[in-house]
**Q** 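I'd like to ask you about the structure that follows.
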Amino acid sequence: MVKQIVKVFMLLFTAFIYSVVGCSTPAHAQTLPSASSQYYIDINGMLRFQPNTIVGPSYATESQMLSFARTVNPKFPAELPKLYLEVGKKYGIRGDVAFCQMIKETGYHRFGGDVRAGQYNYAGIGAVGRSARGSTFKSSREGVQAHIQHLYAYATKSAIPRGERILDPRFSYVPRGTAPFWTSLNGRWAIPGQGYGQNVLTLYNQLIVNNPPPRT
């Protein structure tokens, strides 16, 4: 515990020095845009210089996301990256990070748990264990919309965008605006959920840092 506190203190001190003397930021901080000043502590107790907000723009490209997913599952559906970017933008949700959450929930679209691929349920909505398969949606687009809406309910108190209809059957049960950060989903999206948000952000870090966009 003491070592973790010392690590966090040293990172905070280093960040302070960078800001005071005008030095360049750490290399891993430069790899991500500063969409938010919110940082987070990862599952190893280290301070991560990455945006932690659920609301915000996406930065990963469609080809980058598909390439990342297919390193594990070569049969990963080609339409999903585009859908997450499109629907995420419409709701103001970081679709590329939501995509990483979907990867975590579905095992890179290999499923294998209670939820089946044909349900188009990419967020485990309604799958509460004991063989409960959860919600089923009509298409991949509706599945992505329901996922983004569930995040929107947690992250904001705003009405859904004009012209949209609520597809998430659990939307009205979410305590609105109680989880503005990915790490706020710990113990909410998954129970007990320790480190849940951190694990999603770890996948995102791998997507952005370790998997640059393919050359064209």
**Q** Taking the six-membered ring for Trp, are Phe76 and Phe111 closer than 6.0 Å centroid to centroid?
**A** no
**Q** For the residue pair Arg170 and His150, what are the closest heavy atoms and their distance?
**A** CB-CE1, 3.5 Å
**Q** What residues form a side-chain contact (heavy atoms from CB on, under 4.5 Å) with Val55, not counting sequence neighbours?
**A** Ile93, Ala155, Thr156
**Q** Under 4.5 Å between any side-chain heavy atoms of Tyr204 and Gln101, yes or no?
**A** no
**Q** What's the shortest heavy-atom distance between Tyr122 and Gly143, and which atoms?
**A** CD1-C, 3.8 Å
**Q** Has Lys104 got more than 12 heavy atoms of other residues, nucleotides or ligands less than 6.0 Å from its NZ?
**A** yes
**Q** Any sub-3.5 Å donor-acceptor pair from Glu79's side-chain atoms to Ser140's backbone N or O?
**A** no
**Q** For Tyr196, does the six-membered ring have the charged nitrogen or CZ of Arg188 within the cation-pi criterion, i.e. under 6.0 angstrom from the centroid and within 45° of the normal?
**A** no
**Q** How far apart are the closest heavy atoms of Gly195 and Asn186, and which atoms are they?
**A** N-ND2, 3.7 Å
**Q** Going by the rule side-chain contact (heavy atoms from CB on, under 4.5 Å), which residues pair with Ser58 if we only count those two or more places apart in sequence or in a different chain?
**A** Leu85, Asp96
**Q** Begin with the C-alpha distance, continue with both residues' side-chain angles, and end with the deciding distance and a verdict on side chain to side chain contact (heavy atoms under 4.5 Å, CB included) for Asp168 and Gln145.
**A** CA-CA 8 Å; Asp168 170 22; Gln145 286 177 309; over 6 Å; no
**Q** So do Trp189 and Val200 actually touch side chain to side chain, heavy atoms under 4.5 Å?
**A** no
**Q** If you define the side chain from C-beta out and look only at heavy atoms, does anything of Tyr120 sit under 4.5 Å from Lys138?
**A** no
**Q** How close do Ile208 and Ala60 get, counting heavy atoms only, and between which atoms?
**A** CD1-CB, 3.9 Å
**Q** Closest heavy-atom contact between Ala117 and His109?
**A** CB-CE1, 4.2 Å
**Q** Can you see which heavy atom on Glu62 is nearest to which on Pro81, and at what distance?
**A** O-CB, 3.7 Å
**Q** Decide side chain to side chain donor-acceptor pair (under 3.5 Å) for Thr183 and Asn52; before the verdict, give the C-alpha distance in whole Å, the side-chain angles of both, and the deciding distance to 0.1 Å.
**A** CA-CA 7 Å; Thr183 51; Asn52 184 17; 2.8 Å; yes
**Q** Among residues at least two apart in sequence or on other chains, which ones pass side chain to side chain donor-acceptor pair (under 3.5 Å) with Ser184?
**A** none
**Q** For the pair Gln149 (side chain) and Arg165 (backbone), establish whether a donor and an acceptor sit closer than 3.5 Å, ignoring hydrogens and angles.
**A** yes
